[in-house]
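Data block below; observations after.
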Amino acid sequence: MTAVLERPVTPDAPPRPALAAVPSTPTTPLTHAQVEELGAKLDALREEVLASRGEADAAYIRSVIKAHRTLEVAGRGLLFAGILPPAWIAGTACLSAAKILENMELGHNILHGQWDWMRDPEIHSSTWEWDTMSPSDSWKRTHNYEHHTFTNVVGKDRDVGYGILRMSEEQRWNPYYLGNPVYNVLLSLFFQWGVALHDVEVEKVLSGERSKAEAWHTLKAIGRKVRKQFTKDYLVFPALAGPFFAPVLLGNLTSNLVRNVWSHAIIFCGHFPDGAVQFEEEQLEGETRGQWYVRQMMGSANLDGGPLFHLMSGNLSFQIEHHLFPDLPSNRYAELSPKVRALCEEYGIEYTSGPLGKQYLQVLRRINRLALP
Amino acid sequence: MTRPDTLQPRPRLRERLLQVSAAVSTPLLPDDFLGLVDPLRGSVDLRARVEQVRPEAAGAVTLVLRPGRGWAGHRAGQWLRLGVSIDGVWHWRSYSLTRPPRADGTVWVTVKPVVGGFVSHHLAREVRPGQVLRVAQAAGDFVLPDPLPARSLMVTAGSGITPVMGMLRELAEQGELPDVVLLHSALTREEVVFGEELRALALAHPRFTLLERHTETDGLLQPSELDVLVPDWRDRAAWACGPAGLLDALEQHWSDAGLTLTTERFAPVLAPAAEGEGGVVSFTRGGTTVDADGATALLDVGESAGVLLPSGCRMGICFGCVVPLLSGSVRDLRTGDVHGEAGDLVQTCVSAPAGDVSLDA
Ligand SMILES: Cc1cc2nc3c(=O)[nH]c(=O)nc-3n(C[C@H](O)[C@H](O)[C@H](O)COP(=O)(O)OP(=O)(O)OC[C@H]3O[C@@H](n4cnc5c(N)ncnc54)[C@H](O)[C@@H]3O)c2cc1C
Ligand code: FES
């Protein structure tokens with residue numbers, strides 16, 4: 001952890017060119033026993049939530065589902081009157097909010113199995129499909145398994161840069177990365193494409209780790225989802241609007257873009273602001289559950305905000321809590337947060353958290369800096 | 001000239017509409033959105049609204065349910081599976097339909113709380129009119145044949161009266177009851193569920209005989225007493241529903257006489273020594289693994305871990321719960337037998353792990 005604290009923490013500190021200070025495999029001053037003790041305390045927090053899951057949680061997720069569907073219907077309805085600018089703006093806003101809720105608080109969290117305990121086949125990780133190009137099956141493999149197990153381990157966690165960006169000193173520089181800032185803007189705008197194609201794992205196919213047949217299977221599944229989303233957003237809904245084809249199409253396009261830019265921002269702020277750490281593969285060797293917990297805490301960063309902000313971020317504003325307990329219901333992260341923060345203080349681990357604007361600027365700064373060797 | 005088929009929406013048009021509604025609701029289903037305005041719509045399970053909650057004798061409660069679109073109807077004597085969310089978790093149990101199909105579209109079930117029973121207590125005490133439950137289509141072949149035999153006998157006990165009540169009500173709706181003897185056991189006269197209605201039926205229909213057995217004073221029914229109670233029992237088509245002990249004895253008695261008895265069981269008969277070592281159970285599709293003892297049914301093990309498993313009667317009769325075994329062995333909780341070959345279809349509701357087990361579920 002000391003390595004992290006060496007870094008400039010004041011926001012107005014000049015961006016240091018000597019960023020070799022980004023630690024590769026940071027060490028904490030904690031003893032092995034302390035790490036395991038911390039692990040046991042986190043396990044106890046988890047048990048507490050598991051034992052108290054109940055009707056209120058179920059009512060929560062049902063209400064979010066209802067809110068999403070209502071917003072979606074309202075947005076689509078308003079867009080039919082989208083020739084009038086206020087209706088277009090309101091419709092696009094509703095639809096954007098619906099798509100954000102659907103992807104983040106619903107899709108992401110349900111696919112994590114956070115709500116499987118309800119035994120409701122209509123709200124279950126094995127049956128849920130979401131309105132994004134990434135098919136839920138391949139997402140569960142790359143995200144739930146790879147990203148959540150190997151969080152921030154360069155070379156193992158493919159969310160470090162999505163195979164497109166250079167997000168860590170540990171990724172060897174080459175001239176391609178001069179385009180880092182540009183790639184980031186493109187990834188942000190086309191984030192759902194980025195996430196979907198990420199599941200194909202092209203680099204693993206090239207290295208022979210993944211068979212071409214598997215990759216082709218994933219590509220075809222993505223193709224089916226793309227076709228459905230395009231048919232819905234760019235063909236059928238605009239066509240149903242008859243003479244107002246164009247405003248409806250534009251509204252749908254805009255809401256997909258808004259959702260992309262928003263979810264990209266939230267997700268990148270989860271692991272790449274100052275204070276969140278990347279690791280080397282050696283870290284994984286013989287890693288205990290306690291050490292895994294510590295890696296999750298050091299590798300993640302939270303976002304400050306009110307309840308609405310947390311909801312619209314799919315509670316990924318509690319990225320630290322989410323990474324510690326990926327399968328606990330998202331509505332519980334808020335109450336876990338002060339407890340986890342207190343444990344971090346007790347054990348001298350940095351609990352990285354900040355407002356969205358500040359954190360996102362830090363991410364952008366990192367992206368710009370890492371464009372150069 | 002108008003062709004008759006132009007009077008109805010043409011199937012092609014209907015199909016088109018369905019296609020369009022599926023295209024605009026993807027990845028959800030149209031019913032997911034219709035559920036916003038009609039709570040009886042859902043994309044996976046059928047829904048039913050509780051219209052009335054009617055207390056019955058012996059602490060039992062009748063739930064009058066209105067199923068949503070898609071309910072395919074039932075026959076008297078059949079049962080349905082009822083799903084209820086308790087503390088946020090869905091639980092399913094089977095209940096017999098106590099009335100024949102009705103013009104008002106409601107279906108009736110009567111729940112008698114069993115001692116220590118989790119779902120039956122909830123249904124009988126906590127459910128309120130207006131609440132939406134989930135249901136599955138009616139099933140079961142504990143039904144009256146058509147045409148009805150000239151003489152029949154029904155032997156029931158406790159809550160086992162429920163499917164037979166459905167049959168009797170159906171017969172009464174059709175007119176004069178035929179020659180039917182009902183031999184029903186309950187603790188006391190007051191404990192007879194539907195007691196008043198049964199007695200009124202017996203008064204109104206001379207060919208219907210009600211024999212009440214009050215076990216607190218008269219003791220449990222022994223099949224050997226049938227010769228006295230219903231001397232012509234051998235000549236009657238017979239149905240029985242009640243606790244396992246009674247049904248076992250009756251089945252033995254009928255088979256000894258070379259006759260057939262149709263029974264309906266509410267709970268599986270478990271082998272007393274059916275417990276053994278458990279093991280680690282892997283549900284391979286979602287990658288869930290659970291430590292389980294050797295006495296808990298795999299269905300309960302999986303459900304408690306949040307795995308979605310198929311299920312039906314939950315007592316080993318309907319095979320609605322079978323999943324393929326990939327490796328390991330299971331113990332049949334009814335017989336204690338251990339079996340297991342990869343590819344075996346395991347009835348998860350009455351099988352426990354015997355060592356480590358993996359299931360294709
Ligand atoms: C085809 C079918 C039709 C049924 N029809 C009816 C009906 O019309 N009315 C009705 O009240 N019930 C009926 N049942 C029984 C019902 O499905 C439940 O099993 C019952 O309500 C108990 O559920 P529970 O969750 O309360 O008990 P649980 O919490 O599951 O079990 C608690 C304890 O009670 C024992 N137990 C379970 N069921 C019974 C039982 N029926 N009698 C005695 N002990 C039991 C269990 O072994 C356990 O030890 C029917 C069952 C089947 C299979
Ligand atoms: S659920 Fe009916 S046999 Fe298992």
Side-chain angles (χ1 to χ4, degrees), chain A residues 50 52-62 65-74 76 102 106-107 113-133 135-137 140-141 144-145 224-225 227-233 235-237 239-240 327 329, chain B residues 16-39 41-47 83-92 119 122 126 131-134 136 283-288 290 299-311 361:
Chain A
L50 285 180
S52 63
R53 283 184 312 202
E55 187 51 43
D57 303 287
Y60 169 80
I61 195 66
R62 284 191 216 113
I65 288 174
K66 198 166 172 188
H68 155 244
R69 290 173 191 175
T70 310
L71 276 170
E72 170 132 15
V73 171
R76 305 272 183 196
E102 197 269 354
L106 297 177
Q114 293 182 3
W115 303 95
D116 284 6
W117 58 276
M118 291 168 63
R119 298 185 205 163
D120 188 336
E122 294 175 18
I123 317 178
H124 198 274
S125 66
S126 67
T127 56
W128 194 264
E129 191 52 79
W130 54 348
D131 184 17
T132 175
M133 287 159 185
S136 56
D137 281 341
K140 279 185 278 189
R141 177 174 50 82
N144 291 7
Y145 171 61
R224 278 193 296 274
K225 292 212 63 183
R227 198 182 65 224
K228 283 187 181 170
Q229 197 191 71
F230 272 54
T231 309
K232 171 174 76 166
D233 284 342
L235 197 66
V236 180
F237 270 116
L240 286 173
D327 59 349
Chain B
R16 268 287 143 75
L17 280 175
L18 287 177
Q19 272 174 1
V20 171
S21 55
V24 296
S25 54
T26 185
L28 296 171
L29 296 169
D31 275 337
D32 288 318
F33 286 98
L34 293 172
L36 284 176
V37 283
D38 178 2
R41 289 263 194 167
S43 56
V44 180
D45 293 307
L46 277 177
R47 313 294 210 254
V84 58
S85 172
I86 308 177
D87 295 335
V89 182
W90 285 96
H91 294 269
W92 289 83
V119 177
H122 185 88
E126 309 292 337
Q131 192 172 334
V132 175
L133 305 176
R134 295 188 178 177
F283 298 92
T284 53
R285 292 200 189 173
T288 308
V290 202
L299 179 59
D300 295 323
V301 170
E303 284 185 343
S304 311
V307 183
L308 272 191
L309 293 168
S311 72

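Because only heavy atoms are used, hydrogens play no part in the values below, and waters and symmetry mates are left out as well, while side chains stay in. Here is the naming used below: chain letters follow the sequence lines, and residue numbers restart at 1 for every chain. Worth saying up front: this structure is predicted, and the values here are computed from it rather than measured.
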Side chain, backbone, both or neither: which part of [X] has a heavy atom under 4.5 Å from chain B?
X	result
Ile65(A)	neither
Thr70(A)	both
Trp117(A)	both

May I ask you to decide whether Glu122(A) forms a salt bridge with Arg62(A), counting only side-chain N to carboxylate O separations under 4.0 Å?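 Salt bridge: no.
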Output the distance between atom NZ (Lys225(A)) and atom CG (Asp131(A)), rounded to the nearest 0.5 Å.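 Those atoms lie 7.0 Å apart.
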Is it the backbone or the side chain of [X] that comes under 4.5 Å from a heavy atom of chain A, or both, or neither?
X	result
Leu28(B)	side chain
Thr288(B)	neither
Arg285(B)	neither

Distance-only, no hydrogens or angles: does the [X] side chain make a donor-acceptor pair with backbone N or O of [Y] under 3.5 Å?
X	Y	result
Asp327(A)	Gly113(A)	no
Asp57(A)	Gly54(A)	yes
Arg47(B)	Asp45(B)	yes

Best-contacting candidate, Ala22(B), Ser43(B), Ser25(B), against chain A by heavy atom pairs under 4.5 angstrom: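 Highest number of pairs under 4.5 Å: Ser43(B).
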Selection from Glu102(A), Lys140(A), Arg53(A), Lys228(A) maximising heavy-atom pairs under 4.5 Å formed with chain B: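 Of Glu102(A), Lys140(A), Arg53(A), Lys228(A), Lys228(A) has the most heavy-atom pairs under 4.5 Å with chain B.
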Between chain B and each of Glu55(A), Arg69(A), Glu129(A), count heavy-atom pairs under 4.5 Å; write down the option with the most.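 It is Arg69(A).
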Decide side chain to side chain contact (heavy atoms under 4.5 Å, CB included) for Gln114(A) and Ile123(A); before the verdict, give the C-alpha distance in whole Å, the side-chain angles of both, and the deciding distance to 0.1 Å. CA-CA 10 Å; Gln114(A) 293 182 3; Ile123(A) 317 178; over 6 Å; no
Report yes if some heavy atom in the side chain of Leu308(B) is under 4.5 Å from a heavy atom in the side chain of Asp120(A); otherwise report no.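 When only atoms from C-beta onward are counted, Asp120(A) and Leu308(B) do not touch, as no gap falls below 4.5 Å.
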